[in-house]
2 protein chains.
Amino acid sequence: MPEDALARTRNLFIRRWGEMGATWGISRTMAEIHALLFLTGDPYCTDDIMEHLQVSRGNASMNLRQLVNWGLIRRTHLRGDRKEYFVSDLDAWQMFETITRERRRREVEPIIETIDRCRQDLAAEMAALPPDKQEESRRYDEKLKDMIEFIHAVNALLDTVLTSGGGKIRKLTAVLMKVATSGKALSH
Amino acid sequence: MPEDALARTRNLFIRRWGEMGATWGISRTMAEIHALLFLTGDPYCTDDIMEHLQVSRGNASMNLRQLVNWGLIRRTHLRGDRKEYFVSDLDAWQMFETITRERRRREVEPIIETIDRCRQDLAAEMAALPPDKQEESRRYDEKLKDMIEFIHAVNALLDTVLTSGGGKIRKLTAVLMKVATSGKALSH
DNA sequence: AGGTCCTTTCATAAGTATCTGAAAGAACTA
DNA sequence: TAGTTCTTTCAGATACTTATGAAAGGACCT
C-alpha cells in the first residue's frame with residue numbers, strides 16, 4: 001500500500017525523533033517506538049510495532065520494556081485479545097517531567113556522589129600533602145564546591161518548575177522575566 | 001611516579017565526567033579533556049593531554065578542536081613556546097550556558113523545523129484525505145501543535161534564566177517557588 | 001632552500017552499542 | 001497433560017562510533 005499524506009508525515013516525524021533520541025543517548029528504536037505511540041495515542045502490540053518500524057521481535061520487546069521502565073508508556077490489554085498492548089498517554093509536559101526525573105536519578109545523582117567523595121578524600125589527605133600542593137589542592141576543592149553548588153541550584157530551580165506543573169509554565173516565565181530584567185529586586 | 005591524593009581524586013572525577021559525557025552523547029575523551037582543563041584551569045598542550053589521559057595525538061587533536069568549536073575551551077600561547085596550549089576558563093554557569101545554547105542550536109532547532117514542516121504538509125493535503133482520515137489527521141496535528149508549544153515555552157523559560165546570568169539563579173528560584181506554591185497569583 | 005617543530009588529516013583498527021532470530025519460558029485453554 | 005499463543009532472553013551478527021599512528025601540511029627559522 002502506498003503511504004497516504006498522514007502516514008508519510010507521521011513517519012517523517014518518527015524518523016527525526018529517532019535521530020534526535022540517538023544524539024541524546026537514547027537508542028533510535030526506543031525513540032521511534034515512543035514517537036509512534038505518542039503521536040497516535042493508540043494501543044499497539046509487539047507485532048504492530050515490528051511491522052510499522054520494521055524491527056525484529058527481540059528489539060521491539062527490549063525497547064518496549066525500557067520505555068515502560070522509564071515510565072513513558074504503559075502496558076494495557078484489549079478485550080478478547082490475549083496480546084499485550086502498549087500506550088503512551090502522557091502529554092508533552094508529563095513526558096518532559098518523566099524524562100527529567102529519570103535522567104537526574106540515573107546520571108546526575110552519581111556525579112554528585114562522585115564530587116562529594118572527591119572532596120572527602122581530598123579533605124582527609126590534605127594535611128599529609130607537601131606544602132606546595134596545598135594551594136593547588138585548595139583551588140581544586142574550590143572548583144568542586146562551585147560545581148556542586150551549581151548542580152544543586154539548577155536542581156532546585158528545576159524542582160520548582162516541575163512541581164508547579166505544565167499549565168503554569170508560561171506564567172512562571174512571565175514572572176521570571178519581569179524579576180530577571182528589573183535588576184532592582186535582585187540586586188543584593 | 002605514584003599518584004598523590006590530589007592526582008588520584010582528580011583522576012576519579014575525570015573518569016566519571018567522561019562516563020557521564022558518554023551517556024549524554026559526548027565522546028568520553030572529549031569529556032575527559034574538558035574535565036582536565038576545567039579542574040586545573042591551567043593551559044595544557046597536546047602532548048600534556050596525550051600523557052595525562054593516555055590517548056593518541058590524533059584523538060587529542062580532534063577532540064580539542066571539537067571543544068573549541070563548542071566554545072568550551074580556547075586556544076592560547078605561552079611566551080617563548082611555539083606550541084599551542086588550551087585552557088578552560090569558564091565557570092560552571094558559563095559552561096551550562098554554552099552547552100545549552102549549542103545543543104539547542106544543533107538538536108532542538110531541527111526538531112522544530114521538522115514539526116513545522118509536518119504540520120504544513122498535513123495542512124496542504126488535509127482536503128484530499130478521505131473523510132475517515134480527517135479526524136485522525138486532526139488529532140495528529142493537535143499533538144504536533146502541543147509539542148511545539150511546549151518546546152517554545154521551555155525555550156522561553158530557559159532564555160529568561162540564561163540571560164539573567166548565573167549569580168541570580170538562587171534568587172530566581174526563590175521568587176519562582178513563592179509564586180508557584182502560592183497558587184493564588186497564578187490561578188487565571 | 002632545507003631543516004625543525006608542531007598540527008591536522010584520514011585510512012584502518014579497535015571497541016561499543018544495537019539488532020536479529022531462534023530457542024526457552026510463561027500463561028492460558030481444552 | 002499437551003497444545004496454543006504470546007513474551008522474553010541471549011549468543012552471535014551487524015552497524016556504528018571512536019581511536020590510532022603514520023603521513024601530509026604548515027609555519028617558522030637560518
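Just so it is clear: chains get the letters A, B, ... in the order the sequence lines come, proteins before strands, and each one is counted from 1.
Between B:Met50 atom CE and C:dT7 atom P there is a gap of 10 Å when expressed in whole angstrom units. Spacing between atom CD of A:Gln66 and atom P of D:dT8 amounts to 13 Å, rounded to whole angstrom units. Separating the CD1 atom of A:Ile26 from the C1' atom of D:dC16 is a distance of 18 Å, rounded to the nearest angstrom. D:dT7 atom P lies 10 Å from atom CD1 of A:Ile49, rounded to whole Å. The nearest whole Å value for the distance from the CG atom in A:Asn59 to the P atom in C:dG21 is 11 Å. To the nearest angstrom, P of D:dT8 lies 13 Å from CG of A:Leu67.
Residue-level contact check: A:Arg65 touches the backbone only, with heavy atoms under 4.0 Å from sugar-phosphate atoms and none from bases. Among the heavy atoms of the strands lying under 4.0 Å from A:Ser27 are primed sugar atoms or P, OP1, OP2 only; no base atom is included.
Between A:Phe96 and A:Trp93, the angle of the ring planes lies from 30° to 60°, which puts this pair in the tilted group.
The shortest non-hydrogen separation linking B:Tyr140 to A:Arg10 is OH-CA, 3.2 Å.
Closest approach to the A:Lys83 side chain among C:dT7, D:dT7, D:dA19 is made by D:dT7 (side chain taken as heavy atoms from C-beta onward). Checking C:dT20, C:dT9, C:dT7 against the side-chain heavy atoms of B:Met62 singles out C:dT9 as nearest. For A:Asp81, taking side-chain heavy atoms from C-beta onward, the closest of the listed nucleotides C:dT9, D:dC6, D:dA19 is D:dC6.
Neither OP1 nor OP2 of C:dT18 sits under 4.0 Å from any side-chain N or O of A:Asn63.
For CZ of B:Arg117, the number of neighbouring non-hydrogen atoms (other residues, nucleotides, ligands) closer than 6.0 Å is 12 at most.
Between A:Arg106 and A:Trp70, some side-chain heavy-atom pair lies under the 4.5 Å cut-off.
No hydrogens or angles were tested; on distance alone, nothing pairs the side chain of B:Arg82 with the base of C:dC6 as donor and acceptor under 3.5 Å.
Each of B:Arg28 and A:Arg57 was matched to the nucleotide of DNA chain C holding its nearest heavy atom; the match closer to the 5' end belongs to B:Arg28.
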